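Report on the structure given below.
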Amino acid sequence: MKFNFDCSENLEALLVETARSLDEFEGGFEPQIRQADERFGDFQANGVLPRAKKIGKNPREMAQRIIDSLPATEDWEVSLAGPGFINFKLSPDFLLRWVRAFDQPEKIAVSALGQEPKKIVIDFSSPNTAKQMHVGHIRSTIIGESLARLMIFCGHKVIRDNHLGDWGTQFGILLYAIKRENVSLDQLGEDPIAELENLYRKGTAWTKEDESSLEKARKELVELQAGNPENLELWKKIKEISMDSFDAIYEMLGVRFDFAHGESFYRDRVNQVYDSLLEHEICEENEGALVVFHPEHKRFAKQPFIIRKKDGASNYATTDLATLSYRQEEWEAEQIIYVTDGRQRDHFEQLFLTSRKWFKAEKRAIPELSHVWFGTILGEDNKAIKTRDGQPVKLADLLNEAIERASRMVIEKNPELTEDEVTRRAKVIGLGAVKYADLSQDRTLDYAFSWEKLLAMQGNTAPYLQYAVARISSIFRKMADGTTSTIEEARPPQTPHERTLARKLLFFPLALSQTRRDLKPHFLCTYLYELATDFSSFYNHDKVMVEDRPTQGLRILLCLRTKTFLCAGLEILGIETLEKM
RNA sequence: GCGGGAGUAGCUCAGCUGGAUAGAGCAACGGCCUUCUAAGCCGUAGGUCCUGGGUUCGAAUCCCAGCUCCCGCGCCA
């Protein structure tokens with residue numbers, strides 16, 4: 001029979017079709033196809049049990065009736081088990097045909113789409129200018145980039161937008177400090193961004209000390225927002241310095257943006273937001289500020305969404321509304337994904353509620369809005385890493401340390417390599433390790449910052465996956481003498497390790513759709529790790545370069561597909577691979 | 001106070017949205033390199049899934065109550 005990339009879809013369709021002719025399943029049947037424990041089979045259908053409960057019949061009898069009605073096939077064995085599970089054990093021949101079929105990433109990508117391509121804006125990274133990126137910025141950057149790659153892989157059109165915090169309150173203090181110290185932004189020395197940060201720190205201290213400094217800092221901000229040329233010039237310069245330092249990080253991480261429209265980009269659009277929301281009576285004046293309440297919501301009926309402060313200034317709620325409007329109007333976004341810290345969940349919930357009302361009033365199509373939030377990185381004592389007091393680890397330092405450690409490892413394993421080659425490999429390995437450490441755990445969980453964790457290279461880590469790829473590549477290098485079998489000669493999988501690996505390959509589409517459904521890259525990580533584990537086990541038990549041509553053919557095929565899937569998966573995670581490690 | 005997260009092996013975490021005997025990594029212990037890269041493989045040990053009820057064929061997962069930790073809640077982002 002013909003089969004899909006995701007062959008659980010075939011089984012599901014088959015069961016639905018079969019159930020249609022049986023009385024007990026009148027009114028539809030959801031088979032609930034799941035990956036099965038290997039002891040029982042490859043896939044299992046759990047759906048009979050809830051169905052039987054609903055109509056008060058014996059689940060085993062019902063399951064048996066389905067099994068009896070299934071068309072005969074050589075492709076799998078069906079069996080009844082436990083209280084009413086239906087187990088499918090795929091035949092070796094079927095496994096072989098499936099593994100043979102999906103040979104190109106392009107084929108996988110096409111099959112993985114499963115829906116119409118959409119235009120998706122992904123809003124991620126978004127650091128504040130005038131400060132260095134620290135470890136707290138890693139999550140949005142890494143997760144956002146990975147989701148962008150996932151969506152592109154699945155055939156969507158993606159716009160990456162870095163929504164810089166370049167118009168906030170911090171500029172009042174910074175401008176004040178610059179003027180008070182009388183520094184020239186062109187002469188900040190080797191590390192200008194660090195100097196800016198020092199100035200900011202000094203400024204903060206001063207404004208805390210006395211009222212008049214605070215007042216002066218506020219005034220600088222007002223001047224800036226009013227368009228004072230001197231302040232605007234300084235602001236521009238600060239942004240340039242900041243972008244240079246960000247770009248260095250993005251370069252290392254392999255992250256690119258289509259746009260970096262910061263908050264400042266929308267500063268002339270906030271008045272439209274006020275006007276329109278007032279006109280449609282979505283917002284109201286309250287205690288001098290302009291706010292939005294949502295009476296239908298249990299909490300936001302009382303908790304306001306402040307879109308204009310009582311001093312008349314805009315805030316991030318305003319710019320976020322203006323931004324959303326722009327993205328729909330100019331970019332025709334059909335979905336917007338915001339990748340931010342989980343502490344902003346209230347904000348985004350309010351933003352989404354407000355936007356839906358607003359767009360409805362203006363009779364505009366509202367994009368699908370997704371807040372992809374992640375947990376906080378905590379310091380030693382279980383409190384969030386903060387910029388102000390403690391000195392969080394700088395992102396650049398973390399990445400350099402990762403490369404450094406990987407270098408030592410590479411040199412230890414390959415003392416003969418040139419310095420350049422060591423560095424090249426160390427970057428792939430070290431940066432891969434850091435990215436994977438973040439991506440491989442559920443994004444909604446907080447985690448404590450730990451060098452040991454972020455830089456680990458054994459076990460469930462990127463280097464382990466990269467190592468599997470390198471070993472496969474090594475096999476292919478050794479076989480490049482023309483005497484090798486072709487995959488057309490391959491026999492079906494027989495040994496336990498061949499079978500386990502082939503079966504795991506089959507689950508790749510499930511991992512992809514799971515990852516896409518929840519926008520959680522750790523599902524993909526878990527799958528890739530299991531795939532690499534099954535490969536490593538296979539590698540240690542079944543030699544590829546054997547005399548028997550059908551055996552060799554199969555094993556080459558398994559290696560080829562494992563490599564393709566691992567590379568495709570790692571590419572989605574933003575992690576590079578190496579031919580040699 | 002209101003709302004939201006979290007609690008699973010010594011440590012760090014998975015657990016496919018209610019399925020079969022709860023799984024990995026690290027750390028510990030014992031094996032495996034004259035054979036395709038030992039960043040690896042094989043094995044041993046390790047559990048009150050926070051506690052107590054409930055729902056049902058079946059609960060780490062769902063409902064209720066309680067304990068502990070974290071976060072958000074009027075002009076920061």
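Bear in mind that the values here come from a model prediction, so they are computed numbers and not experimental data.
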Nearest-Å distance for atom pair CZ/P, residues A/Arg299 and B/G74: 12 Å
Pair A/Arg503 + A/Asp42, salt bridge at N-O below 4.0 Å: yes
Between B/U68 and B/A14 - P atom distance, rounded Å: 25 Å
Validation row, ring centre A/Phe352 to ring centre A/Tyr338 under 6.0 Å: yes
Closest listed nucleotide, where the reference is the side chain of A/Tyr316 and the choices are B/U37, B/C13, B/A77: B/A77
Spacing between A/Arg39 atom CZ and B/A20 atom C1', to the nearest angstrom: 8 Å
Touch class at under 4.0 angstrom, heavy-atom based, for A/Ile429 against every strand present: base
Sugar-phosphate, base or nothing in reach of A/Glu287, heavy atoms under 4.0 Å: base
Touch class at under 4.0 angstrom, heavy-atom based, for A/Gln170 against every strand present: nothing
Residue A/Ala289, side-chain heavy atoms: nucleotide from B/C41, B/C75, B/G4 that is nearest: B/C75
Parallel, tilted or perpendicular: rings of A/Tyr266 and A/His163 (30°, 60°): tilted
Interatomic spacing from OG1 in A/Thr323 to NE2 in A/His261 - rounded to 0.5 Å: 10.0 Å
Counterpart base for B/C49, defined by Watson-Crick or G-U wobble contacts under 3.5 Å: none
Sugar-phosphate only, base, or nothing, as touched by A/Phe40 at under 4.0 Å among non-hydrogen atoms: base
Side-chain N,O (A/Arg471) to OP1/OP2 (B/A38) below 4.0 Å: yes
Side-chain donor/acceptor of A/Asp446 to base of B/G5, under 3.5 Å: no
Sugar-phosphate, base or nothing in reach of A/Gln350, heavy atoms under 4.0 Å: nothing
Sugar-phosphate, base or nothing in reach of A/Ala81, heavy atoms under 4.0 Å: base
Electrostatic pair A/Glu401-A/Arg405, nearest N-O below 4.0 angstrom: yes
Salt-bridge contact A/Glu421-A/Arg425 (side-chain N to carboxylate O under 4.0 Å): yes
Nearest to side-chain heavy atoms of A/Phe85, which nucleotide of B/G40, B/A14, B/A20: B/A20
Distance, nearest 0.5 Å, that separates CG of A/Asp341 from CZ of A/Phe348: 10.0 Å
Phosphate contact (B/A38 OP1 or OP2) by A/Tyr464 side-chain N/O below 4.0 Å: no
Any-strand Watson-Crick or G-U partner of B/G40, both distances under 3.5 Å: B/C32
Side chain of A/Tyr539 - closest among B/A38, B/G19, B/C75: B/A38
Sugar-phosphate only, base, or nothing, as touched by A/His347 at under 4.0 Å among non-hydrogen atoms: nothing
Minimum-distance nucleotide (side-chain atoms of A/Phe523 versus B/C73, B/A24, B/G15): B/G15
Pairwise P distance for B/A22 and B/U44, with rounding to whole Å: 16 Å
Pair A/Glu215 + A/Lys219, salt bridge at N-O below 4.0 Å: no
Integer angstrom distance from the C1' of B/C16 to that of B/A24: 15 Å
Any A/Lys131 side-chain N or O less than 4.0 Å from OP1/OP2 of B/A77: no
Whole-Å C1' distance, B/A60 and B/C13: 14 Å
Assigned glycosidic conformation for B/C57 [threshold 90° from 0]: anti
Aromatic ring pairing A/Phe5/A/Phe508, orientation class (parallel under 30°, perpendicular over 60°, tilted between): perpendicular
Sugar-phosphate, base or nothing in reach of A/Asp518, heavy atoms under 4.0 Å: base
Sugar-phosphate, base or nothing in reach of A/Lys453, heavy atoms under 4.0 Å: sugar-phosphate
Give me, pair by pair, the N or O atoms of the protein and of nucleotides 55-64 of chain B that are less than 3.5 Å apart, along with how far apart they are.
residue: B/G58; atom: O6; partner: A/Lys53; partner atom: NZ; Å: 3.2

Pairwise C1' distance, B/G74 and B/U61 [rounded to whole Å]: 38 Å
Nearest to side-chain heavy atoms of A/Tyr467, which nucleotide of B/C41, B/G25, B/A38: B/A38
Aromatic ring proximity, centroids under 6.0 angstrom, A/Tyr464 and A/Tyr529: yes
Separation of the C1' atoms in B/C71 and B/G30, to the nearest angstrom: 46 Å
Per A/Tyr447 side chain, nearest of listed nucleotides B/C71, B/C13, B/C41: B/C13
Short side-chain N/O contact to B/C42 OP1/OP2 from A/Ser537, under 4.0 Å: yes
Over-ring placement of A/Lys302 relative to A/Phe293, 6.0 Å and 45° cut-offs: no
Sugar-phosphate, base or nothing in reach of A/Asp542, heavy atoms under 4.0 Å: base
G-U wobble or Watson-Crick pairing nucleotide for B/G72 (cut-off 3.5 Å, both distances): B/C2
Euclidean distance for P, B/C64 against B/C70 (whole angstrom): 24 Å
Qualifying salt bridge (Lys or Arg N to Asp or Glu O under 4.0 Å) pairs, either residue in residues 534-548 of chain A, two or more places apart: A/Lys504-A/Asp534, A/Asp542-A/Arg555
A/Lys309, nearest nucleotide to its side chain (from B/C16, B/C76, B/G74): B/C76
A/Ala470 side-chain proximity, nearest of B/G25, B/A77, B/U37: B/U37
Where the chi angle of B/U21 falls, syn if within 90° of 0 and anti if not: anti
Please produce a list of atom pairs where a protein N or O lies less than 3.5 Å from an N or O of nucleotides 6-9 of chain B.
none

For B/U12, the Watson-Crick or wobble counterpart (both distances under 3.5 Å): B/A24
Separation of the C1' atoms in B/C49 and B/A59, to the nearest angstrom: 11 Å
Sugar-phosphate, base or nothing in reach of A/Gln44, heavy atoms under 4.0 Å: base
Sugar-phosphate, base or nothing in reach of A/Ser474, heavy atoms under 4.0 Å: base
Aromatic ring proximity, centroids under 6.0 angstrom, A/Tyr200 and A/Tyr176: no
Nearest listed nucleotide, side chain of A/Gln458, among B/C26, B/G74, B/U37: B/C26
Worked verdict on A/Tyr316 versus A/His347 for ring-ring contact (aromatic ring centres under 6.0 Å, His included): CA-CA 9 Å; A/Tyr316 74 127; A/His347 168 74; 4.0 Å; yes
Sugar-phosphate, base or nothing in reach of A/Phe476, heavy atoms under 4.0 Å: nothing
Sugar-phosphate only, base, or nothing, as touched by A/Asp37 at under 4.0 Å among non-hydrogen atoms: nothing
